[in-house]
Amino acid sequence: MTFSLATWNINSVRLRSGLVERLMTEDAPDVLCLQECKSPVELIPMEAFHALGYHHMIARGQKGYNGVAILSKQPIEEVCSFDFAGLGHARHIAGRLENGVTVHNFYVPAGGDIPDREKNEKFGQKLDYLTEMRDWWHANAPEKAIMVGDLNIAPREDDVWSHKQLLKIVSHTPIEVEHLAQAQDAGNWVDITRQDIPEGQIYSWWSYRAKDWSGADKGRRLDHIWATKDIANAGHSSRIRRDVRGWEQPSDHAPVFASFDL
DNA sequence: ATGGTGGAGCTTCCA
(Lines give C-alpha, C1' and ligand atoms only; values in the text may rest on other atoms or scores of the structure.)
Protein backbone atom coordinates (compact mmCIF):
# COMPACT_ATOMS: atom_id res chain seq x y z
CA MET A 1 0.00 0.00 0.00
CA THR A 2 1.19 3.49 -0.83
CA PHE A 3 0.35 6.44 1.32
CA SER A 4 1.17 10.07 0.71
CA LEU A 5 2.07 12.69 3.23
CA ALA A 6 2.55 16.44 3.24
CA THR A 7 3.94 18.98 5.69
CA TRP A 8 2.97 22.65 5.58
CA ASN A 9 3.54 25.60 7.87
CA ILE A 10 0.12 27.19 7.41
CA ASN A 11 0.66 30.39 9.47
CA SER A 12 -2.86 30.41 10.96
CA VAL A 13 -5.12 27.48 10.17
CA ARG A 14 -8.22 29.57 10.80
CA LEU A 15 -7.29 32.40 8.44
CA ARG A 16 -6.17 29.93 5.77
CA SER A 17 -8.64 27.06 6.19
CA GLY A 18 -9.70 27.66 2.59
CA LEU A 19 -6.14 27.05 1.41
CA VAL A 20 -5.98 23.84 3.43
CA GLU A 21 -9.21 22.71 1.78
CA ARG A 22 -7.82 23.54 -1.65
CA LEU A 23 -4.69 21.47 -0.99
CA MET A 24 -6.82 18.62 0.35
CA THR A 25 -8.87 18.74 -2.83
CA GLU A 26 -6.05 19.08 -5.33
CA ASP A 27 -3.40 16.78 -3.78
CA ALA A 28 -5.36 14.81 -1.20
CA PRO A 29 -2.39 13.54 0.82
CA ASP A 30 -3.42 10.73 3.15
CA VAL A 31 -1.73 12.55 6.01
CA LEU A 32 -1.36 16.33 6.26
CA CYS A 33 0.90 17.77 8.98
CA LEU A 34 0.41 21.45 9.77
CA GLN A 35 2.51 23.84 11.83
CA GLU A 36 1.90 27.34 13.17
CA CYS A 37 -1.83 26.73 13.43
CA LYS A 38 -1.95 29.66 15.87
CA SER A 39 -5.18 28.35 17.32
CA PRO A 40 -6.55 26.47 20.29
CA VAL A 41 -7.36 22.93 19.15
CA GLU A 42 -11.10 23.35 19.71
CA LEU A 43 -11.21 26.31 17.29
CA ILE A 44 -9.57 24.47 14.37
CA PRO A 45 -12.27 24.34 11.65
CA MET A 46 -12.54 20.54 11.52
CA GLU A 47 -15.95 20.32 9.82
CA ALA A 48 -14.64 21.51 6.47
CA PHE A 49 -11.73 19.07 6.61
CA HIS A 50 -14.04 16.27 7.68
CA ALA A 51 -16.18 16.85 4.61
CA LEU A 52 -13.11 16.27 2.41
CA GLY A 53 -12.40 12.88 3.96
CA TYR A 54 -10.06 13.94 6.76
CA HIS A 55 -11.95 12.29 9.59
CA HIS A 56 -9.07 12.09 12.03
CA MET A 57 -6.99 14.73 13.76
CA ILE A 58 -4.49 14.88 16.57
CA ALA A 59 -3.21 18.28 17.62
CA ARG A 60 -1.65 20.55 20.19
CA GLY A 61 -2.67 24.19 20.23
CA GLN A 62 -2.29 27.46 22.01
CA LYS A 63 -3.80 30.88 21.49
CA GLY A 64 -1.99 33.02 18.94
CA TYR A 65 1.31 31.15 18.66
CA ASN A 66 2.75 27.85 17.50
CA GLY A 67 0.37 24.88 17.27
CA VAL A 68 0.72 21.60 15.34
CA ALA A 69 -1.88 19.27 13.87
CA ILE A 70 -1.94 16.00 11.94
CA LEU A 71 -5.02 15.58 9.75
CA SER A 72 -5.51 12.10 8.39
CA LYS A 73 -7.85 10.15 6.14
CA GLN A 74 -6.90 7.03 8.05
CA PRO A 75 -7.24 6.53 11.80
CA ILE A 76 -4.29 7.89 13.75
CA GLU A 77 -3.68 7.17 17.41
CA GLU A 78 -1.94 9.81 19.48
CA VAL A 79 1.41 8.57 20.80
CA CYS A 80 3.08 11.48 22.57
CA SER A 81 3.79 15.22 22.59
CA PHE A 82 7.25 16.53 23.44
CA ASP A 83 8.10 19.82 25.12
CA PHE A 84 11.83 19.96 24.44
CA ALA A 85 13.66 22.80 26.22
CA GLY A 86 10.68 23.13 28.56
CA LEU A 87 9.21 26.07 26.68
CA GLY A 88 5.59 25.12 27.32
CA HIS A 89 4.88 25.63 23.61
CA ALA A 90 2.68 23.52 21.30
CA ARG A 91 5.49 22.41 18.99
CA HIS A 92 5.12 18.63 18.62
CA ILE A 93 2.55 15.91 18.23
CA ALA A 94 3.05 12.29 17.22
CA GLY A 95 0.63 9.58 16.19
CA ARG A 96 0.61 6.02 14.90
CA LEU A 97 -1.16 4.96 11.72
CA GLU A 98 -2.82 1.57 11.30
CA ASN A 99 0.14 0.32 9.23
CA GLY A 100 2.30 0.76 12.34
CA VAL A 101 4.13 3.85 11.10
CA THR A 102 4.65 6.60 13.68
CA VAL A 103 4.46 10.19 12.40
CA HIS A 104 6.21 12.97 14.32
CA ASN A 105 5.20 16.53 13.48
CA PHE A 106 7.56 19.28 14.74
CA TYR A 107 7.67 23.04 14.78
CA VAL A 108 11.21 23.87 15.87
CA PRO A 109 11.70 27.34 17.44
CA ALA A 110 12.73 29.95 14.87
CA GLY A 111 15.46 31.32 17.13
CA GLY A 112 15.18 35.10 16.78
CA ASP A 113 17.44 37.31 14.69
CA ILE A 114 20.85 37.26 16.40
CA PRO A 115 22.77 33.96 16.20
CA ASP A 116 24.34 34.30 19.65
CA ARG A 117 22.82 32.75 22.75
CA GLU A 118 24.50 35.34 24.99
CA LYS A 119 22.68 38.18 23.24
CA ASN A 120 19.51 36.38 22.21
CA GLU A 121 17.71 33.98 24.51
CA LYS A 122 15.62 32.59 21.65
CA PHE A 123 18.69 31.34 19.81
CA GLY A 124 19.78 29.44 22.92
CA GLN A 125 16.31 27.93 23.22
CA LYS A 126 16.48 26.75 19.62
CA LEU A 127 19.82 25.04 20.17
CA ASP A 128 18.61 23.55 23.46
CA TYR A 129 15.48 22.26 21.73
CA LEU A 130 17.62 20.43 19.17
CA THR A 131 19.99 19.10 21.84
CA GLU A 132 17.08 17.64 23.80
CA MET A 133 15.70 16.17 20.60
CA ARG A 134 19.07 14.53 19.92
CA ASP A 135 19.21 13.12 23.45
CA TRP A 136 15.65 11.80 23.14
CA TRP A 137 16.37 9.97 19.88
CA HIS A 138 19.61 8.65 21.35
CA ALA A 139 17.78 7.17 24.34
CA ASN A 140 14.65 6.12 22.39
CA ALA A 141 15.73 4.90 18.97
CA PRO A 142 12.81 5.47 16.58
CA GLU A 143 11.79 2.67 14.22
CA LYS A 144 9.34 2.61 11.34
CA ALA A 145 8.89 6.33 11.84
CA ILE A 146 8.51 9.49 9.80
CA MET A 147 9.47 12.90 11.12
CA VAL A 148 8.28 16.05 9.40
CA GLY A 149 7.85 19.69 10.05
CA ASP A 150 9.13 23.21 9.98
CA LEU A 151 12.57 22.58 11.45
CA ASN A 152 13.56 26.22 10.82
CA ILE A 153 16.99 25.16 9.56
CA ALA A 154 18.19 24.90 5.96
CA PRO A 155 21.12 22.51 6.38
CA ARG A 156 22.73 22.26 2.95
CA GLU A 157 24.47 24.86 0.82
CA ASP A 158 21.88 24.23 -1.87
CA ASP A 159 19.03 24.60 0.60
CA VAL A 160 19.46 28.39 0.51
CA TRP A 161 19.70 31.00 -2.23
CA SER A 162 23.19 32.05 -1.12
CA HIS A 163 25.23 29.91 1.25
CA LYS A 164 27.85 32.62 1.72
CA GLN A 165 25.37 35.40 2.42
CA LEU A 166 23.39 33.32 4.91
CA LEU A 167 26.22 31.87 7.00
CA LYS A 168 25.49 34.36 9.79
CA ILE A 169 21.73 34.36 9.30
CA VAL A 170 19.66 32.35 11.76
CA SER A 171 18.44 29.16 10.02
CA HIS A 172 21.71 28.53 8.17
CA THR A 173 24.51 29.10 10.73
CA PRO A 174 27.04 26.27 11.15
CA ILE A 175 26.11 25.72 14.81
CA GLU A 176 22.44 25.21 13.94
CA VAL A 177 23.31 22.91 11.06
CA GLU A 178 25.53 20.88 13.40
CA HIS A 179 22.80 20.62 16.04
CA LEU A 180 20.30 19.44 13.42
CA ALA A 181 22.78 16.91 12.05
CA GLN A 182 23.31 15.47 15.52
CA ALA A 183 19.57 15.09 16.08
CA GLN A 184 19.27 13.45 12.65
CA ASP A 185 22.14 11.03 13.33
CA ALA A 186 20.87 10.15 16.81
CA GLY A 187 17.57 8.94 15.37
CA ASN A 188 19.00 7.28 12.25
CA TRP A 189 16.88 9.64 10.20
CA VAL A 190 17.19 9.83 6.42
CA ASP A 191 16.29 13.08 4.63
CA ILE A 192 13.71 11.73 2.19
CA THR A 193 13.41 14.95 0.19
CA ARG A 194 17.13 14.89 -0.56
CA GLN A 195 17.13 11.14 -1.10
CA ASP A 196 14.69 11.78 -3.94
CA ILE A 197 16.08 15.15 -5.12
CA PRO A 198 19.84 14.94 -4.41
CA GLU A 199 20.93 17.82 -6.63
CA GLY A 200 20.07 21.47 -7.00
CA GLN A 201 18.58 24.37 -5.06
CA ILE A 202 15.22 23.57 -3.51
CA TYR A 203 13.28 25.82 -1.17
CA SER A 204 10.09 25.63 0.89
CA TRP A 205 9.99 29.16 2.33
CA TRP A 206 10.18 32.66 0.90
CA SER A 207 9.94 35.78 3.08
CA TYR A 208 6.83 37.95 2.98
CA ARG A 209 9.18 40.94 2.91
CA ALA A 210 10.46 40.39 -0.60
CA LYS A 211 8.92 42.66 -3.23
CA ASP A 212 8.88 39.84 -5.78
CA TRP A 213 9.33 36.56 -3.90
CA SER A 214 9.34 34.39 -7.01
CA GLY A 215 11.47 36.64 -9.18
CA ALA A 216 14.05 37.28 -6.47
CA ASP A 217 13.75 33.62 -5.40
CA LYS A 218 15.64 34.14 -2.13
CA GLY A 219 14.27 30.97 -0.60
CA ARG A 220 15.32 28.49 2.04
CA ARG A 221 14.43 24.81 2.60
CA LEU A 222 13.15 24.95 6.17
CA ASP A 223 10.50 22.22 5.93
CA HIS A 224 11.56 18.62 5.96
CA ILE A 225 10.44 15.01 5.63
CA TRP A 226 12.65 12.41 7.26
CA ALA A 227 12.19 8.67 7.76
CA THR A 228 14.05 6.11 9.81
CA LYS A 229 16.54 3.98 7.89
CA ASP A 230 14.38 0.86 8.14
CA ILE A 231 11.67 2.43 5.95
CA ALA A 232 13.66 5.06 4.05
CA ASN A 233 13.81 2.96 0.88
CA ALA A 234 10.00 2.92 0.84
CA GLY A 235 10.00 6.69 0.38
CA HIS A 236 9.60 8.25 -3.06
CA SER A 237 7.91 10.96 -5.14
CA SER A 238 9.16 13.90 -3.08
CA ARG A 239 8.11 17.32 -4.30
CA ILE A 240 7.51 20.86 -3.13
CA ARG A 241 4.45 22.71 -4.42
CA ARG A 242 6.12 26.04 -4.95
CA ASP A 243 3.04 27.43 -6.72
CA VAL A 244 1.10 27.30 -3.44
CA ARG A 245 3.33 30.17 -2.21
CA GLY A 246 1.70 32.20 -4.97
CA TRP A 247 -1.89 31.55 -3.93
CA GLU A 248 -4.09 34.39 -2.72
CA GLN A 249 -3.12 35.49 0.81
CA PRO A 250 -0.59 32.66 1.08
CA SER A 251 1.45 31.20 3.87
CA ASP A 252 5.13 32.09 3.54
CA HIS A 253 5.80 28.32 3.37
CA ALA A 254 5.02 25.90 0.56
CA PRO A 255 3.88 22.33 1.29
CA VAL A 256 6.41 19.50 1.00
CA PHE A 257 5.25 16.04 -0.12
CA ALA A 258 6.49 12.46 -0.10
CA SER A 259 4.95 9.02 -0.59
CA PHE A 260 5.77 5.72 1.09
CA ASP A 261 5.15 2.15 -0.07
CA LEU A 262 4.42 0.44 3.22
C1' DA B 1 22.04 50.84 4.24
C1' DT B 2 18.94 47.90 7.96
C1' DG B 3 14.21 48.03 6.05
C1' DG B 4 10.89 45.22 4.33
C1' DT B 5 5.48 42.05 5.41
C1' DG B 6 2.17 39.36 7.83
C1' DG B 7 -0.76 37.09 11.92
C1' DA B 8 -2.72 37.37 16.47
C1' DG B 9 -4.81 40.36 19.28
C1' DC B 10 -2.88 41.77 25.21
C1' DT B 11 -0.55 48.69 20.96
C1' DT B 12 3.40 44.49 21.14
C1' DC B 13 5.18 39.81 20.35
C1' DC B 14 6.46 36.60 17.02
C1' DA B 15 8.02 34.93 12.53
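No experiment lies behind these values; they were computed from the predicted model shown. Keep in mind that the numbers below use all heavy atoms, side chains included, and drop hydrogens, waters and symmetry copies.
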### Residues forming a side-chain contact (heavy atoms from CB on, under 4.5 Å) with A:S259, sequence neighbours excluded
A:T2, A:S4, A:H236, A:S237
#### Entry: Partners passing side-chain contact (heavy atoms from CB on, under 4.5 Å) against A:N140 (at least two apart in sequence or in another chain)
A:W136
### Summary
Residues pairing under salt bridge (charged side-chain N to carboxylate O under 4.0 Å, His left out) where one sits in residues 48-65 of chain A, two or more places apart or in two chains, turn out to be A:R60-A:E78
#### Entry: ring pair (Phe, Tyr, Trp, His ring centres under 6.0 Å) involving A:H172 - partner list, sequence neighbours excluded
A:H163
### Query
Looking at residues at least two apart in the chain, or sitting in another chain, which of them share a ring pair (Phe, Tyr, Trp, His ring centres under 6.0 Å) with A:W213?
A:W206
Take atom [atom1] in [N] and the same atom in [M], then report the distance between them in whole Å.
N      : M      : atom1 : result
B:dA1  : B:dT11 : P     : 36 Å
B:dA8  : B:dT2  : P     : 31 Å
B:dG9  : B:dG3  : C1'   : 24 Å
B:dC10 : B:dG6  : P     : 22 Å

### Message
From CD of A:Q249 over to P of B:dT5, roughly how many Å is that when rounded to an integer?
### Response
15 Å
### Summary
In whole angstroms, the gap separating C1' of B:dT2 from CG of A:D113 amounts to 11 Å
### Message
What does the B/S/- profile of nucleotides 8-15 of chain B look like, 5' to 3', with a 4.0 Å heavy-atom cutoff to protein?
### Response
SSB--BSB
### Query
With no hydrogens and no angle check, do the side chains of A:R242 and A:S214 hold a donor and an acceptor under 3.5 Å apart?
yes
